[in-house]
Each structure stands twice: as structure tokens, then as C-alpha cells.
Amino acid sequence: MKLNPEPLPITADDEAIRAAVAVASPVPLLAALAQITGDPSLLRDDLRPDPSQILDPNGGLDENQIAQARALAVAALIRFRDGGSVRVALPEGPTLERLLTWVAGGALEPAYVPLLEEELALGGDRRAPAWHKRELAPDADFKVAIIGSGMSGLAVAHRLHQAGVEFTIFEKNADVGGTWFDNVYPGCRVDIANHFYSYSFAQTNDWSSFYSPQGVLLDYFRACARDFGLREHIRFSTEVQGATWDEARGLWVLRLRDSTGRETTAEANALVSAVGQLNRPKMPAIPGIDRFRGESFHSARWRHDVELGGRRVGIIGTGASAAQFIPPVAEVAAHLTVFQRTPPWLLSIPNYMDELPEALRGLLRCVPEYGRWDRLQVFWRTHEGLLPAAVVDPSWPHQERSVSALNDGMRQLMGAYYDAAFPDPELRARVLPRYPPISKRIVLDNGVYPRTLARENLTLVTDSIAEITETGVRTQDGVLHEFDVLIYGTGFEASKFLMPMQIKGEGGVDLHERWGGDARAHLGIVVPVFPNLFLMYGPNTNIVINGSIIYFSECEANYIVESVRLLLERRKGSMTCRADVHDAYNRRIDAGNRAMAWGAATVNTWYRNEFGRIAQNWPFSLLEYWQQTRAPDPADYVLR
Ligand code: NAP
């Protein structure tokens, strides 16, 4: 997979250009063409997307408008080709703002402009550190240890590398990729459009699909590790068992264990945990779980050696993972029984499993700006744009089914899809969620999941599970469902941040004892009493619907690199977050989450920890997280 490739000149004939434009999204295409040709007449007011049409990839344009937009784009592309595929200078200032405002639908808060410029990354990486250790503190001996080489570990490693800061990544697996290395279940694919589920600094035209499968994502992260020179900094098959802050020396001492069981130590001035939230499989607390005599495994530890073809298979769970592997398992099993406790809301995405048409790939190779504007449109429309639909309106009278009029509108839109996708009213009644949309992760669907649930060889069980026996699962109604294979799609120990590592900070304070199961951090990144410890994808940095974790990781990586800069600039050895700053921040986060669909609704979610607190989610805008993570405020810290 090639990262940030140079655009190729257009050599396609008019017919091929027409074919490519016919499968492209008109809004990002017109924006990309206006950018590379410098022709503002392409940004016609009557073809501007309607910002209220957040779920429509065509921005609410009707058929006639789409046809006009495509005709404009074809003519512009032909002119561009005939002119030798020569680009005008990159847009800046008012020219860029005009483009951004058009894509945003006609109005854009000025505060968004610098953020969108970074996200768009025209002309390359806009978030590279503006400093280098060789200029700032050439003699300082400063090392960073990063735990994990998944998506977030690679992001922070790349930034440290750019800033010339020494670092080592300790990775328990034999390769990079984290969740995309661990989750190899059939049907696994990303459920955020590729151009947005990718680093702003590493765009590619090699996506196989609109929402690529696991293997392609793994290739992408391998390419990032290789091309950014990170691989040689990774110690694979090395698990960090714990880390202790040595106060006298101002260092973290890590305890490591390799795949042979050999234990060693390593030292670092700063420690970054990039271990992810969703990597420790959660087995349900169902009586008799160890009694089952057939084969059983969790979705994140898929056993490809276990034959499913022609066998009786049971699946517990209907979350985002199970919804992806239920269809391929149903294809091969003699009979599949699915145990559904809470049905997911399904959102219709017709191209969810489609491969990128060759014509579109050709367009992307010649006009990669189209991918960048598509990324921006996704950011704006379905990510920042969806947040208002999650905000609770306390005066809304139907809180049990939706949290506001806007949220109810989403419910109606998604509910209408159930009418079409589940023609059998009995099945429809069993799968239609009763809780408000966006209070739980929404599952994307292109019709495959509903068709699968209606298969002859599939039984959907909605009675609750009483126990697991030697031969199967007994439900509360007394029925024993017998299986050869039982698969747990029961999620992850998401609230147990950084487990099972033992982390000891100032005065030997244990991180897990301090948290007591209720993990919190300032900005999700730093914890009082734990100097120079930085978390990626820490508490309250997850999003339910409105964003990609990659975005958060880029923000966190920036904050961490700027923290290292602060230490080097001030010639300090450590920075510790002030408890009052941390506590005030967390009070605000908790209040924010209570005002959101996922905080107000009572439905089961992995977002809520054992104390009922939403420990996972960020309740505010993407803009706000970016603003708060530009750089550490020295006043928030004790610097020593
Ligand atoms: P999950 O969302 O936690 O789903 C677990 C499922 O197991 C739920 O249906 C849950 O029911 C059920 N369950 C748990 N314990 C049970 C019990 N004792 N009895 C019956 N049912 C039980 O886990 P996941 O599906 O692995 O997804 C986790 C997260 O990973 C997602 O929310 C998403 O953020 C991420 N993910 C992303 C992708 C992607 O991008 N492609 C794919 C997969 C996952 P309840 O709903 O009632 O709790």
C-alpha cells in the first residue's frame, strides 16, 4: 500500500472520465476540482450541500442537482486533462475558507477553519511538530517508552520521531496493528469510511473498499510503520507487565516479559500507554460457562482451526462485532442460533461492503484531492454534524424512545429502514430497538444482516440466557439450545483501562487502586500522582457515532509531543497534572455525558462502568477536543 502518492496525470478519455464521475460523490468532487483548477464557479450556490442532511452522502442534493454537479465535474476534469493536469497553487486564506464554507453548507464558524485545514492536509502533513529536539535541547537525554504499536501507538511514535525524540515501542504481539491484528473474525471490516479512518498524515488511494476489510487495514498500519521508519523502534513479542516511577531518578522503570518468558527491565523518562480500550475479551458472567464440552471461543480470539461448516453453532451477542460475523457464519453453519439481549440500531449504508469501483480508483490516483475532500465531508457531515442529534432535550416528552426532536427524527429515519429490511413483522418487532438512537453504538448495514436473520438455518433467540450446560445454552424459558460450537461476541473489558499492567506512581501509589475501577484522566491523557505518564485512548476519549478514534489519537499524540517539548524547553524532568485541574475537568465531562443520549438512556452499553458512570465517551465537539489538546497549559502541571 502506497502512502501519500504523487498524483498521476489524467490520460483517460472523455468516456472514462464520465464513468469515474458517475461513481464519485458530487460534493467532495466539485470541491477538489475547484481547488486544483482554481475555478470558483464550480462552487455554485444552488449545488451547495444542505448541512441539515447529515445522513445523505449527496448532501441533500436532488437528482437534478446531482446531474448538474456531475456535468460540471466532467467538463472541469476534461479541461484539467487537456491543460496537462497542471494544478494551481494550494489554496490559502479566503480562497481556502470559501472552499471549506461551501462544503460545510454555506456557514462555518471561524474557529473550525484551522482544524479543517489540518484535517484536509492539502500539500501534506499539517500536524508535524514545529520543533526538533536537536534545536531545542540537543544535549538532553530523554527517552519515551510507548506500550503498543496499534493505531494510536504508531501515531504518537511518528510524531516523536518527527521531533527527533528517542523512543521505543514495546509490543506484545508479533506485528503492528493492535485491534486490526487481533480481530481476524470473518466479516471484520472498518465501520468508518476509509478516508476518514486513516491518519491525516498518511492518505492512500489504495483502499479496496469504501469500508475496507481487516486485512487491508492491517496492511495500512504495516505500511505506516514501514514508511515512517517506526518498525526498527519496536520490540515485538514483548509485554509490559508493569512500570514504576523512580522518584529519585525521575524515570519510569518498566518490567518486560518476552515470548520465551524472559523478564527484563527498561527505563524511560516518559511512558505512553497506547494499549487500546477494546482488546481484552469480556466473557459473560453466565452460570456454567466452563461446562460447555464443544468448542468455544471469543470473537477477538477467533479459532480458524475450528470447523463451522455443517455444524450447529451458537453466537452470544449482537454488537458491532457479532453483526459482522453472524452473516458469514450463517453461510456455512448447518444451523446458527443467535442470542440477542439488546438489538442494535441499524443504519442503512448501501455501499458498506462494496469494493471501490475501478473507475473511482483511477480518479483517486489522478485527483487524490478528491479523497481528502471526501474525508473532510465525512468529518463535517456525519461526525461533527451528528453530535446535535445526541444531545438530550430535557423538555422532550418521549425520553424512553428518543432524547430530542432531532434524535426522534433519526429514530424515524432508521425505523423506516426496518420496515423495508425486515418484511416479516414478527421478526421486525424482535429486532427493532426501543431505546433512543445513539445511546449505544449504531451498526452499519447494507441489507446483509437483516437477510441473514431471516434465513431458514438461523434462529434468533431473545429469551434471556439462564445457564450454559455441557451441550449448549439453556434459556430462562427452560429450552436447551444444543451446539457443536459456541462463539462469544460479548465485547471487551473496556472499563478496565491499562489492565493487567501494574503502574505505580509517586509514593508507590498504584494506578488501579487509585482508580478503584473508575478510571479518569485529565483530557483522557494524564493522571495526577503519575508524572510523565500519558494515555492514548484513555478514559472519556471514545465517541459513539460522531468521529473516528484516529482523530482523537492524532490530537492526543500532538498533546504528548507538546508535553515533551514543555519539559525540554523548561529543562524540567517531570510534569504531574494538578489534582484540582483533573477533578474540575472530570466534573465537566460527567455533566456533559449526562446530557447526551448515551448518558441519559438506561440501555446496556460498554460505555458505562460498574459505578454507572460513562467512563468511555467524550461528550463535546471534535473541535473542542482539538482545541484542548493543542498544547499542555503549564499552569495545569507541577513541573519539577
Ligand atoms: P459489544 O458492543 O460490547 O457487544 C457485546 C454483545 O454481547 C452485546 O450484544 C451484548 O448485549 C452481548 N452480551 C454481553 N454479555 C451478554 C450476556 N451475559 N448475555 C447475553 N448477551 C450478552 O462488543 P463488540 O460487538 O465486540 O463491539 C465493541 C466495540 O468495538 C463497538 O462498540 C465498536 O466501538 C468497536 N467495533 C468496531 C468495529 C468496526 O469498526 N468495524 C467492529 C466491531 C467492534 P447487550 O447489548 O445487551 O449488552
Side-chain angles (χ1 to χ4, degrees), residues 150-151 178-180 182-194 196-198 209-218 276-289 298-302 314-326 337-347 349 352-353 431 433-435 438-445 449 460-468 473-476 481 486-496 537 541-550 552 598 601-609 616-618:
M151 177 276 289
T179 195
W180 299 107
D182 285 336
N183 284 276
V184 291
Y185 59 77
C188 182
R189 65 172 65 234
V190 64
D191 65 0
I192 306 267
N194 289 149
F196 192 50
Y197 191 85
S198 48
S209 316
F210 294 97
Y211 300 80
S212 290
Q214 171 264 337
V216 177
L217 266 298
L218 185 55
Q277 285 184 12
L278 303 167
N279 58 4
R280 300 207 324 122
K282 183 174 186 175
M283 298 301 279
I286 301 174
I289 188 159
H298 186 276
S299 62
R301 300 285 180 269
W302 198 269
I315 291 177
I316 300 180
T318 52
S321 298
Q324 291 185 331
F325 64 77
I326 286 170
T337 304
V338 173
F339 294 90
Q340 170 194 279
R341 188 165 67 180
T342 314
W345 271 109
L346 300 177
L347 177 66
I349 301 286
Y352 176 40
M353 293 184 187
V431 296
R434 294 176 212 286
Y435 56 87
I438 330 186
S439 49
K440 201 169 162 63
R441 177 83 172 184
I442 288 178
V443 166
L444 306 192
D445 179 57
Y449 185 68
L460 180 71
V461 176
T462 50
D463 295 296
S464 50
I465 296 173
E467 62 167 341
I468 295 180
V473 172
R474 194 187 305 281
T475 37
Q476 292 290 358
H481 306 265
L486 192 51
I487 305 173
Y488 294 93
T490 45
F492 299 88
E493 301 280 10
S495 296
K496 296 185 177 169
Y537 201 11
T541 57
N542 184 64
I543 57 271
V544 181
I545 189 166
N546 53 310
S548 141
I549 295 303
I550 293 194
F552 278 76
W598 52 81
T602 53
V603 66
N604 300 327
T605 72
W606 59 266
Y607 306 139
R608 209 180 282 284
N609 67 16
Q616 313 293 343
N617 299 336
W618 168 254

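These numbers come from the heavy atoms of this one structure, side chains and all, not from hydrogens, waters or symmetry mates. All ligand and atom numbering here is 1-based and tracks the order in the structure.
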Trainee: Working note: Tyr352 + Asp445, criterion side-chain hydrogen bond (donor to acceptor under 3.5 Å, both in side chains); need CA distance, chi angles, decisive distance, verdict.
Mentor: CA-CA 7 Å; Tyr352 176 40; Asp445 179 57; over 6 Å; no
Trainee: Name all residues meeting the side-chain hydrogen bond (donor to acceptor under 3.5 Å, both in side chains) criterion together with Glu467; count only those two or more places apart in sequence or in a different chain, and write none if there are none.
Mentor: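 In terms of side-chain hydrogen bond (donor to acceptor under 3.5 Å, both in side chains), with neighbours along the sequence ignored, Glu467 is linked to Arg291, Arg474.
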Trainee: Hey, which residues fall under 4.0 Å of ligand 1 on heavy atoms?
Mentor: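 Around ligand 1, where the cutoff is 4.0 Å for heavy atoms, the contacting residues are Tyr185, Arg189, Val190, Asp191, Leu278, Pro284, Ile286, Ile316, Gly317, Thr318, Gly319, Ala320, Ser321, Gln324, Arg341, Thr342, Lys440, Arg441, Gly489, Thr490, Gly491, Phe492, Asn604, Trp606.
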Trainee: In Å, rounded to the nearest 0.5 Å, how long is the span from OH of Tyr197 to CD1 of Ile192?
Mentor: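 Nearest 0.5 Å value for the OH-CD1 distance: 8.5 Å.
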Trainee: Would you call the rings of Trp302 and Tyr185 parallel, tilted or perpendicular, taking 30° and 60° as the class edges?
Mentor: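 The arrangement is tilted - the two ring planes meet at 30° to 60°.
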Trainee: List in chain and number order the residues that pass side-chain hydrogen bond (donor to acceptor under 3.5 Å, both in side chains) with Gln616, two or more places apart in sequence or in another chain; answer none if no residue qualifies.
Mentor: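 Gln616 satisfies side-chain hydrogen bond (donor to acceptor under 3.5 Å, both in side chains) with Ser495 once adjacent residues are dropped.
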Trainee: Listed by chain and number, what are the side-chain hydrogen bond (donor to acceptor under 3.5 Å, both in side chains) partners of Thr179, not counting sequence neighbours?
Mentor: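 So Thr179 forms a side-chain hydrogen bond (donor to acceptor under 3.5 Å, both in side chains) with Asn183.
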